[in-house]
Amino acid sequence: MACRGSGVQIPLAPRMNKNVNDEREHAAYDFAYVQEKWLPIWDQVQPFKSGRADDTREKKYVLDMFPYPSGDLHMGHAEAYALGDVIARYWVQKGFNVMHPIAWDAFGLPAENAAIKRNSDPRIWTYENIAVQKASMRRFACSFDWDRVFNTCDPEYYKWNQWLFLKLHERGLAYRKDSAVNWCPGCQTVLANEQVVAGLCERCDSAVTKKKLNQWYFKITDYADRLLDDMAQLEGKWPEKVLMMQRNWIGRSTGANVSFVIEGRTEPVTIYTTRPDTLYGATFMVVAADSELAAELVVGTGVETEFNSYLEKIKADSDIDRLATDRPKSGVFLNRYAINPVNGAKLPIWVSDYVLADYGTGAIMAVPAHDQRDLDFAKAFALPVVVVVETGEEDPNTSGVATTGDGKLVNSGALNGLNKADAIAAINSQLEKDGLGKSARNYRLRDWLVSRQRYWGTPIPIIHCSSCGEVPVPADQLPLTLPDAKGLDLKPKGTSPLGAATDWVNVACPKCGAASKRDTDTMDTFVDSSWYYLRYPSSTVHDQPFLKKDIETWLPVDQYVGGVTHAILHLLYSRFFTKVLNDMGMVNFNEPFTRLLNQGMVVMDGSAMSKSRGNLVALSDELEKHGVDAIRLSMVFAGPPEDDVDWSDVSPSGSVKFLTRAWRLSGDVTSAPGADFSKGDVSLRKVTHKALNDAGFAVESFRFNVAVARVMELVNATRKAIDSGCGGSDPAVREAVEAIAIMISLVAPFTAEEMWERLGHKPAVALAGWPAVDPKLLVADSVEAVIQINGKIKERIDVSPTITDAELEALALAHPTIVAELGTNAPKKVIARAPKLVNIVA
RNA sequence: GCCUCGGUACUCCAACGGUAGAGAGGGCAGUCUCAAACACUGCACAGUGUCGGUUCAAAUCCGACUCGGGGCACCA
């Protein structure tokens with residue numbers, strides 16, 4: 001009845017881009033106008049400014065992963081920032097001093113590649129894109145504290161990358177070594193292990209090859225145990241999936257190092273095994289073909305030619321070839337023997353590429369009966385297979401399947417009869433006693449290769465002097481800025497473009513003054529992002545990377561939000577940096593991110609959006625069509641935040657409809673601001689308080705979509721109350737609509753602000769405060785109880801929430817339906833669970 | 001191959017071992033309108049992957065299978 005009229009009569013603000021005279025245009029509110037209206041006002045009010053000197057609120061640090069400025073924001077950004085905003089805005093409403101900062105991860109290859117294409121400077125492209133993204137974020141109403149912005153390509157920022165590099169260098173955690181490194185022929189640079197995905201470059205998908213180079217590394221392996229063990233702190237706070245991936249990546253294994261005497265060599269060779277219990281089953285030894293040990297062992301054997309051609313062959317193989325599952329085993333027999341320390345057996349020594357040079361000691365004892373790879377090798381070269389663990393499975397000799405389970409040891413001297421665990425303990429202590437070995441650990445994790453042969457990154461602050469060696473650039477000369485890109489050929493060619501900047505490269509040694517050269521490589525950009533979260537609280541400080549006092553105030557990050565693509569790389573590196581800084585006494589915690597939320601991706605028709613697939617949805621188009629609030633709402637409501645959002649399943653127009661319904665409510669409230677809610681209609685008040693309670697709980701448990709559903713229910717209930725219930729003048733209606741505005745402000749800030757104004761309040765609704773939930777309004781007057789017979793529901797009755805088991809049981813047994821069902825049979829047993837259920841076992 | 005997460009209505013999502021629901025969506029009807037659209041109101045819509053176990057009671061716990069997603073992948 002009055003519903004429609006009252007909505008229409010509220011005078012609309014003048015429209016900016018619609019026909020004012022179009023009377024038939026319904027009172028659907030004009031999102032474009034509302035967006036333009038509030039942005040400048042928010043710029044003044046600054047509701048999200050954090051860390052004011054007089055702020056006494058408890059702190060909360062909500063962090064979104066910072067963007068790479070590759071162009072304008074896309075759908076993925078929209079989702080990520082919409083979700084981060086829900087959390088940040090919620091904590092603001094709950095009365096916290098929230099720091100929700102943003103910056104730009106601005107070094108990296110795309111800028112450099114764009115510069116090459118346009119024959120210009122990567123700086124130009126980068127800063128242009130940053131300006132575009134920044135403007136888009138403001139329009140998207142991100143609740144960022146804009147006073148803390150920085151870019152990692154600013155010398156004021158990367159100065160501290162260099163400073164940190166030198167600190168790591170001082171501590172022996174940054175070092176150079178010759179090694180076979182991952183080489184991307186597309187990007188013409190080396191890659192960290194973490195950047196090789198299934199044998200391909202994570203950036204350009206080229207097949208990664210190996211190259212022997214001298215490169216800089218960070219010694220992350222020194223922290224392997226701590227990176228693993230400290231995950232106990234994150235249990236239940238980070239997605240289990242991410243923890244699992246990190247554990248997997250670090251890949252700690254326990255076993256033993258065992259010495260084998262080599263005929264004709266004075267030094268024994270140590271091998272690493274996780275199954276020392278199977279030592280008696282070793283029938284040959286395999287050495288990694290590309291290891292130094294192999295090169296040494298082959299000398300004088302007469303098989304050098306064969307060995308060398310084998311080495312050539314495997315070098316040509318890319319990682320992709322190596323990953324093929326059905327790859328046949330290959331190798332060369334070295335004509336030499338090792339002696340099994342426990343039984344004196346002569347073990348032929350082979351080289352093969354299935355043993356990795358950089359894991360363990362690069363040499364293994366082969367136990368073909370109990371290791372599939374060894375068995376495959378033994379079969380390929382007709383080597384003996386000796387079973388030493390009776391597992392009850394078929395003999396590997398005949399089945400071709402190695403047995404890896406537990407069982408009784410056989411053919412193993414003193415170990416006979418023991419099970420696996422006891423045998424490992426026994427042999428380990430025996431080996432240790434005899435000085436032949438000891439228990440050991442190994443990790444899949446390798447040191448972090450940080451050198452890059454590209455221009456657009458942080459220059460490595462080292463000077464190479466022929467007499468002094470690696471000399472750090474003195475701290476007072478930092479930042480060591482990049483040379484001008486002008487005149488440099490940035491095209492990838494396998495060595496750093498910085499090498500061509502001769503004025504820059506040639507420098508006097510800071511120690512002895514001799515003519516020396518700067519290191520021409522730049523740092524992996526993951527160095528930049530490994531500590532940026534520490535910079536926000538002190539982003540305007542220029543004589544230190546961050547202030548201790550600021551760190552103690554704000555860190556660690558309470559809530560981190562970002563994509564699961566960084567589950568290993570960025571998160572592992574950041575955890576590593578934090579631990580190093582903790583050891584340096586610079587931070588007082590050892591895990592940087594207390595809680596982590598990984599949002600899913602935005603996909604289209606089930607697959608990732610991409611130009612080539614032709615399923616790209618432009619964020620700007622969607623915003624133009626439906627408005628910022630509707631897109632944000634659609635993202636949040638589409639499902640649990642961890643799940644992918646399939647844009648073909650969401651309905652932005654449905655979001656617009658809902659927002660309009662909510663907004664229209666604010667025009668139907670006729671009571672004055674400050675009305676006494678306690679005098680309001682109790683049934684609506686109960687709905688309001690339940691919604692506030694449930695939505696708050698849902699937000700805190702990351703079920704934002706459920707929170708939105710609760711608000712939708714409240715909107716519907718309020719609509720009903722206005723039209724056919726207590727009416728718009730009832731204070732309960734004001735209470736409900738104000739609660740809706742506040743709850744909606746987490747997702748749809750423009751609509752919420754507009755509602756808030758129409759309700760007679762001043763901006764900003766973001767600071768209105770989450771209304772206190774009255775527990776008295778959360779109890780229902782009556783609840784529905786079910787009566788079951790043998791677990792099947794027969795009746796439903798309304799009962800008081802305080803009914804006792806006995807009363808409920810009596811009611812149930814007296815119910816006509818139940819009496820009829822039971823007939824003359826007496827129930828065997830009655831289970832009452834007041835006030836919700838009675839089950840009669842008949 | 002190994003590890004891991006999941007399978008509920010047309011779709012996307014909910015349900016302390018105890019009533020399978022809410023919201024969205026699409027459909028139909030009514031109100032309003034000259035009419036339509038919008039809006040409002042009402043209605044209908046249909047479901048726990050398979051098999052077994054535990055239990056008074058299983059979507060929920062356990063086991064097997066199956067299907068789908070993700071991760072790791074010659075790490076000894």
Side-chain angles (χ1 to χ4, degrees), chain A residues 1-5 7-8 24-28 197-199 239-242 244-249 251-253 255 271-275 278 286 322-327 329 352-356 358-367 370-374 376-377 442-446 564 567-568 600 606 634 637-640 642-646 648-651 653-655 657-658 660-661 664 694 698 703 705-706 708-713 715-716 719-720 723-724 783-793 795-796 827-831 833 836-842:
Chain A
M1 38 178 242
C3 56
R4 186 176 172 205
V8 171
R24 293 177 312 171
E25 176 80 36
H26 188 264
V197 179
E240 189 47 45
K241 185 175 147 187
V242 173
M244 194 193 68
M245 283 167 68
Q246 292 219 356
R247 272 189 208 105
N248 223 323
W249 188 262
R252 179 162 68 194
S253 81
I271 60 94
Y272 172 73
T273 177
T274 55
R275 293 292 304 276
T278 62
V286 187
R322 292 175 55 92
L323 291 175
T325 46
D326 52 353
R327 193 159 184 259
K329 290 280 181 285
S352 175
D353 65 348
Y354 88 90
V355 173
L356 305 177
D358 58 351
Y359 183 80
T361 61
I364 62 152
M365 66 172 194
V367 185
H370 306 296
D371 182 285
Q372 191 60 48
R373 295 155 300 184
D374 296 346
D376 292 342
F377 193 88
N442 263 300
Y443 304 88
R444 216 196 64 112
L445 181 71
R446 304 294 145 85
V564 73
I568 294 174
S634 300
F637 186 51
E642 301 86 359
D643 289 5
D644 286 350
V645 174
D646 195 325
S648 60
D649 287 335
V650 306
S651 166
S653 59
S655 298
K657 232 156 93 177
F658 164 70
T660 307
R661 275 164 63 78
R664 204 181 301 112
D694 292 0
R703 286 146 61 233
N705 56 322
V706 178
V708 171
R710 292 292 103 84
V711 180
M712 286 173 166
E713 286 170 37
V715 166
N716 290 345
R719 179 81 259 155
K720 257 197 179 123
D723 291 349
S724 54
V783 296
E784 192 179 54
V786 297
I787 307 172
Q788 302 177 331
I789 296 179
N790 296 329
K792 301 266 183 292
I793 294 161
E795 270 302 334
R796 295 154 199 265
K828 289 198 188 81
K829 191 173 170 185
V830 180
I831 292 128
R833 292 282 181 272
K836 287 163 82 176
L837 171 131
V838 179
N839 187 23
I840 299 161
V841 186

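Here is the naming used below: chain letters follow the sequence lines, and residue numbers restart at 1 for every chain.
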Counterpart residues, side-chain contact (heavy atoms from CB on, under 4.5 Å), relative to A:Ser648 (two or more places apart): A:Met604, A:Asp605, A:Asp646
The nucleotide from B:A76, B:C40, B:G71 with an atom nearest the side chain of A:Arg719 is B:C40
In chain order, what residues pass the side-chain contact (heavy atoms from CB on, under 4.5 Å) check against A:Glu795, with sequence neighbours excluded? A:Ile787, A:His815, A:Thr817
Test of understanding: with side-chain hydrogen bond (donor to acceptor under 3.5 Å, both in side chains), list the residues that count as partners of A:Asn716, not counting sequence neighbours. A:Arg661
Looking only at the side chain of A:Arg796 (C-beta and beyond, no hydrogens), which of the listed nucleotides B:G18, B:U19, B:C3 gets closest? B:U19
Sort me out a list of protein N/O and nucleotides 52-61 of chain B N/O pairs below 3.5 Å, or just none if empty.
unit_1, atom_1, unit_2, atom_2, d
B:C56, O2', A:Asn839, ND2, 3.3
B:C56, O2, A:Asn839, ND2, 2.4

Between A:Asp374 and A:Glu240, which residue's closest nucleotide on RNA chain B lies nearer the 5′ terminus? A:Glu240
Represent RNA chain B in dot-bracket notation, 5' to 3'. Only Watson-Crick or G-U wobble pairs with both distances under 3.5 Å count; pseudoknot-style crossings use [ ] and interstrand partners use |. (((((((.....(....[..).....(((((.......))))).....(((((..]....))))))))))))....
All side-chain hydrogen bond (donor to acceptor under 3.5 Å, both in side chains) counterparts of A:Gln372, not counting sequence neighbours: A:Asp376
Rounded distance [0.5 Å steps], CD1 in A:Ile793 versus CG in A:Asn839: 10.0 Å
Measure from CG on A:Asn716 to P on B:A24 and round the result to the nearest Å. 6 Å
Please work out if A:Asp643 contacts a base, only the sugar-phosphate, or nothing of the nucleic acid, heavy-atom cut-off 4.0 Å. sugar-phosphate
Can you tabulate the close N/O pairs, meaning under 3.5 Å, that link protein atoms to atoms of nucleotides 14-17 of chain B?
unit_1, atom_1, unit_2, atom_2, d
B:A15, OP1, A:Arg703, NH2, 3.4

Inter-nucleotide P distance (B:A46, B:G21), Å rounded: 13 Å
Partners passing side-chain contact (heavy atoms from CB on, under 4.5 Å) against A:Arg247 (at least two apart in sequence or in another chain): A:Leu228, A:Met231, A:Glu235, A:Glu240, A:Leu243
Atom pairs under 3.5 Å, N or O on each side, protein against nucleotides 42-44 of chain B: can you list them with distances?
unit_1, atom_1, unit_2, atom_2, d
B:G42, OP1, A:Lys720, NZ, 3.4

Salt bridge A:Arg275-A:Asp371, side-chain N to carboxylate O under 4.0 Å: no
Applying salt bridge (Lys or Arg N to Asp or Glu O under 4.0 Å) to A:Asp643 and not counting sequence neighbours gives none
NA contact type, A:Ile364, heavy-atom cut-off 4.0 Å: base, sugar-phosphate, or nothing? base
Set of side-chain contact (heavy atoms from CB on, under 4.5 Å) partners for A:Lys792, sequence neighbours left out: A:Lys794
5'-most contact on RNA chain B (nearest-nucleotide basis), A:Tyr443 vs A:Asn248, goes to A:Asn248
Could I get the full list of ring pair (Phe, Tyr, Trp, His ring centres under 6.0 Å) partners for A:Phe637, not counting sequence neighbours? none
Looking for any heavy atom pair under 4.0 Å, which part of the strands does A:Glu713 touch: base, sugar-phosphate only, or nothing? sugar-phosphate
